[in-house]
Amino acid sequence: MGRRLGELTRDNTKCMVPVNGVPIIDRLLQQLTAQQLQRVIIVVGYKGQELKDYIGHRYDDRLKIEYIENPVYDKTNNIYSLALAKRQLQEDDTLLVESDLVFSDRLIPMIVENPYPNLALVAKYESWMDGTMVRIDNEQNIVNFISKDAFDYSDADSYYKTVNIYKLSRDFSQNKYVPFLDAYTKAVGNNEYYENVLRIISLLNSHEMKALPIGTEKWYEIDDKQDLDIAEALFAGEQDLLRKYYGRYGGFWRFPQMLDFCYLVNPYFPTRRMKDELRANFDTLLTEYPSGMKVNTLLASKCFGVSEQYIVPGNGAAELIKLLMNFPPSPSNGSGQLVGFIRPTFEEYPNRYDKNKQVAFVPQNADYRYTADDLMSFFDGKGVSQIVLVNPDNPSGNFIAKADVLRLASWCLQRDIRLVVDESFVDFSEDYATNSLLSDGLLEAYPTMVVMKSISKSYGVPGLRLGILASADTALIARMKKEVSIWNLNSFAEFFMQIYNKHERDYQRACARFVDERAHFEQQLRSVPFLRVMPSQANYFLCEVLPPYTASAIVIHMLKHHNILTRDCSLKPGLDPERQYMRIAVRNHEDNTRLIEALKTFVP
């Protein structure tokens, strides 16, 4: 009945809901037309006549479609719907397919062509999956079906989810499945699941039902609107594919086994030890209120070595960026509140400011390199009251050494210009241990300097939503603290700051390990013939895609054929519109190697 799909199933059955414009039932029937089938039997109930009218005679030349009516669909479950078709089950070898599935065209041939007569397609358990799970042995026998009630998260690594596509031989249906189905419904009733019968058969150790893992093949079961949204991204056409992925801004853990080379985090932190400490306190952190700004400011001060009056923690750097860009300094020269940006850059800053009051510096070289002297020369006399410097910059990876940033800060101080330095990626630079500007001495020496840091990126905890802003401009800090909500941090972010100092040495080791891996990854990227790799001190590389290749073609190929998401930057403001660009994150060694191998398979 699809109640969880709300208005989408008010006037039609769930399998009539469109995914990217194609109803689920049409997608399935089209996939079945490629098989040599005697007939297709559709068990209908809710809005059954509407479904039959919709299908009509459109498939008569390709499929023989029959219907079985379940008149008590609202009082029974799928075990009864299947029992209504038990005669047909015993007449032929059968494919049993749930009607709310969207899946790769390769899955039906995969199960049909496999020599085992009784087979269930299964997928390695992922956190988004719900419903029947199975355990399989080394010979791919299904040794147990795990019901929802019996699901144990401590055993989740050993579970496979049934894809709800089965192959049943006529002999198995006649001699095992249907007799057990009859006995089970008589003993337990009709408001049950047909998988329970398979579970009982598996407990007999007959090993008649095998499992076929589908690997990286895509599929999704649509129960609610979020499932529908994810399925539309997974099975989008090339013209919509990147829009549907990029527009999500994360949440990619819902996409099975996808490697995200788009969003930027530390691949080596937090350590397992720190995660274990967070897990050990999960119940308390989930069920208790977090502290307010006063306590969280104290924790941020302790964690990052800046006095409380100089620092404000935020719900990610994004919250602080929005506030900061709403409070531009009043220019001493009486001109409008112009803000200087460097392009290309992290668009969250310019997106949060009036486009008519922006002054943009664009480096005039192929690698988008620039220095502090370039910035001072360009912005001199432009009347800006604030300059935003992301250092290392995103996506170029350009890095200005600490001493030169401080020269720029001094230049801005003399002209009463606020200098915003976003050092979210500075801990990935080669001298990471000494490159940060977060210290009372530096903030006090340059009171017009503001330092922003996203903890998500360099500390590898984007799910916590944590960022900090620091400045000796105490009036600005006080104003920002006043503007944020009373509980702007959750308990997990607060606890992270509470325990971080115990794990600080692990963080330093993670940064050193990262620098080594980035150097190795850069060499690997330079071996890809259609990429021109620009140097970077961050956890990503900006790469020019050389003609005749295009960034979008490569990104789509990587996503469709290798389940790897990368970023097409070609339309980013400040980049040469006549050229093609990709930004590729740096992950761990195993993932980086997999990316390189996938890139080398690209043929336009």
Side-chain angles (χ1 to χ4, degrees), residues 236-246 258-264 267 342-347 360-371 374 390 392-399 425 428-430 515 517-604:
E238 289 191 3
Q239 68 277 12
D240 293 323
L241 190 64
L242 297 184
R243 177 178 59 82
K244 287 181 178 288
Y245 273 84
Y246 291 163
M258 189 182 79
L259 273 185
D260 176 13
F261 275 85
C262 186
Y263 283 85
L264 310 168
I342 301 147
R343 285 292 188 44
T345 194
F346 179 46
E347 289 299 313
F361 166 75
V362 179
Q364 300 301 304
N365 58 77
D367 284 352
Y368 302 98
R369 304 297 102 177
Y370 58 88
T371 66
D374 293 331
V390 180
D393 212 340
N394 178 8
S396 69
N398 184 78
F399 181 63
F425 303 104
F428 299 117
S429 61
E430 291 182 358
V515 170
E517 176 56 29
R518 180 181 58 209
H520 181 264
F521 186 44
E522 181 175 4
Q523 288 183 336
Q524 289 184 301
L525 278 175
R526 292 186 185 279
S527 71
V528 179
F530 50 81
L531 295 181
R532 184 177 69 83
V533 184
M534 299 172 206
S536 176
Q537 287 288 294
N539 62 336
Y540 47 83
F541 287 98
L542 181 64
C543 302
E544 181 184 355
V545 178
L546 301 176
Y549 304 101
T550 65
S552 62
I554 296 170
V555 171
I556 290 170
H557 170 85
M558 296 291 284
L559 187 53
K560 288 185 65 176
H561 298 284
H562 301 280
N563 211 9
I564 295 174
L565 181 66
T566 50
R567 172 69 73 175
D568 178 357
C569 288
S570 302
L571 299 179
K572 197 172 182 69
L575 291 174
D576 185 344
E578 301 299 319
R579 298 174 184 267
Q580 293 281 301
Y581 299 93
M582 291 174 62
R583 189 192 67 194
I584 300 175
V586 184
R587 292 174 60 99
N588 64 39
H589 185 77
E590 179 183 0
D591 291 347
N592 294 336
T593 300
R594 178 175 155 188
L595 174 86
I596 297 297
E597 291 173 351
L599 281 171
K600 290 182 176 180
T601 68
F602 176 68
V603 177

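None of the values given here were measured: they were computed from a predicted structure.
Looking only at atom types and distance, the side chain of T601 has a donor-acceptor partner in the side chain of H562 under 3.5 Å away. Between the side chains of D568 and S552, not a single donor N or O lies within less than 3.5 Å of an accepting N or O. A donor-acceptor contact closer than 3.5 angstrom links the side chains of K600 and S527. Under 3.5 Å, the side chains of D393 and S396 contain no donor-acceptor pair of N or O atoms. When only modelled atom types and interatomic distance are considered, N394 and R583 share a side-chain donor-acceptor pair under 3.5 Å.
Here the CZ atom belonging to F346 is positioned 9.0 Å from the CG atom belonging to L264, to the nearest 0.5 angstrom. Taking OG from S536 and CZ from F541, the interatomic distance works out to 5.5 Å, rounded to the nearest 0.5 Å. Atoms CE and CE, on M582 and M558 in that order, are 6.5 Å from each other to the nearest 0.5 Å. Note: H557 NE2 to F602 CZ = 6.5 Å, rounded to the nearest 0.5 Å. Expressed to the nearest 0.5 Å, how far CG of N398 lies from OG1 of T371 amounts to 8.5 Å.
A side-chain donor-acceptor contact under 3.5 Å links R587 to the backbone of D260. The main-chain N or O of N588 is found under 3.5 Å from a side-chain atom of N592 such that the two form a donor-acceptor pair. Checking side-chain atoms of T566 against main-chain N and O of F261 turns up no donor-acceptor pair under 3.5 Å. Not a single donor-acceptor pair under 3.5 Å links the side chain of T345 to the backbone N or O of E347. Listed for the Q580 side chain is a donor-acceptor partner under 3.5 Å among the backbone atoms of A551.
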Exercise for review: Decide yes or no on side chain to side chain contact (heavy atoms under 4.5 Å, CB included) for L575 and L542, but give the supporting numbers first.
Suggested key: CA-CA 11 Å; L575 291 174; L542 181 64; 4.0 Å; yes

Review point. Run the side chain to side chain contact (heavy atoms under 4.5 Å, CB included) check on I556 and L242 step by step: do they pass?
Key: CA-CA 7 Å; I556 290 170; L242 297 184; 4.1 Å; yes

Exercise for review: Give the C-alpha distance, both sets of side-chain angles, the deciding distance and a yes or no for side chain to side chain contact (heavy atoms under 4.5 Å, CB included) between L565 and L259.
Suggested key: CA-CA 6 Å; L565 181 66; L259 273 185; over 6 Å; no

Practice item. Assess whether side chain to side chain contact (heavy atoms under 4.5 Å, CB included) is satisfied between R518 and E430, documenting all intermediate values. Key: CA-CA 10 Å; R518 180 181 58 209; E430 291 182 358; 3.8 Å; yes

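A 4.5 Å side-chain heavy-atom check between I342 and Y370 finds at least one atom pair inside the cut-off. Counting heavy atoms from C-beta outward, P267 and H589 have side chains that stay 4.5 Å or more apart. Taking 4.5 Å as the limit, some side-chain heavy atom of F530 sits within range of a side-chain heavy atom of I554. A heavy-atom distance below 4.5 Å is found between the side chains of P363 and F361.
Closest of all the heavy-atom pairs between L525 and C543 is CD1-SG, 4.5 Å. The shortest heavy-atom contact between L595 and I584 is CD2-CG2, 3.5 Å. Shown here for I564 and A598, the closest heavy-atom pair between the two residues is CD1-CB, 4.0 Å. Across all their heavy atoms, C262 and Y246 have their closest contact at SG-CE2, 4.2 Å. K572 and P344 get closest at one heavy-atom pair: CD-CB, 4.3 Å. Considering all non-hydrogen atoms of both residues, A366 and M534 come closest at O-CE, 3.8 Å.
The pair R243-D240 meets the salt-bridge criterion, since a charged nitrogen lies less than 4.0 angstrom from a carboxylate oxygen. A salt bridge links E238 with K560: at least one charged nitrogen is closer than 4.0 Å to a carboxylate oxygen. Ion pair R532/D367 flagged as a salt bridge, since at least one NZ, NE, NH1 or NH2 atom sits closer than 4.0 Å to an Asp/Glu carboxylate oxygen.
If you look at F428 and Y540, their ring centroids are not closer than 6.0 Å. Remark: aromatic rings of F425 and F399 are distant, center separation not under 6.0 Å.
Just one of Q524, E522, Q523 meets the side chain to side chain donor-acceptor pair (under 3.5 Å) condition when paired with R526; it is E522.
Residues meeting the side chain to side chain donor-acceptor pair (under 3.5 Å) test with R567, sequence neighbours left out: none.
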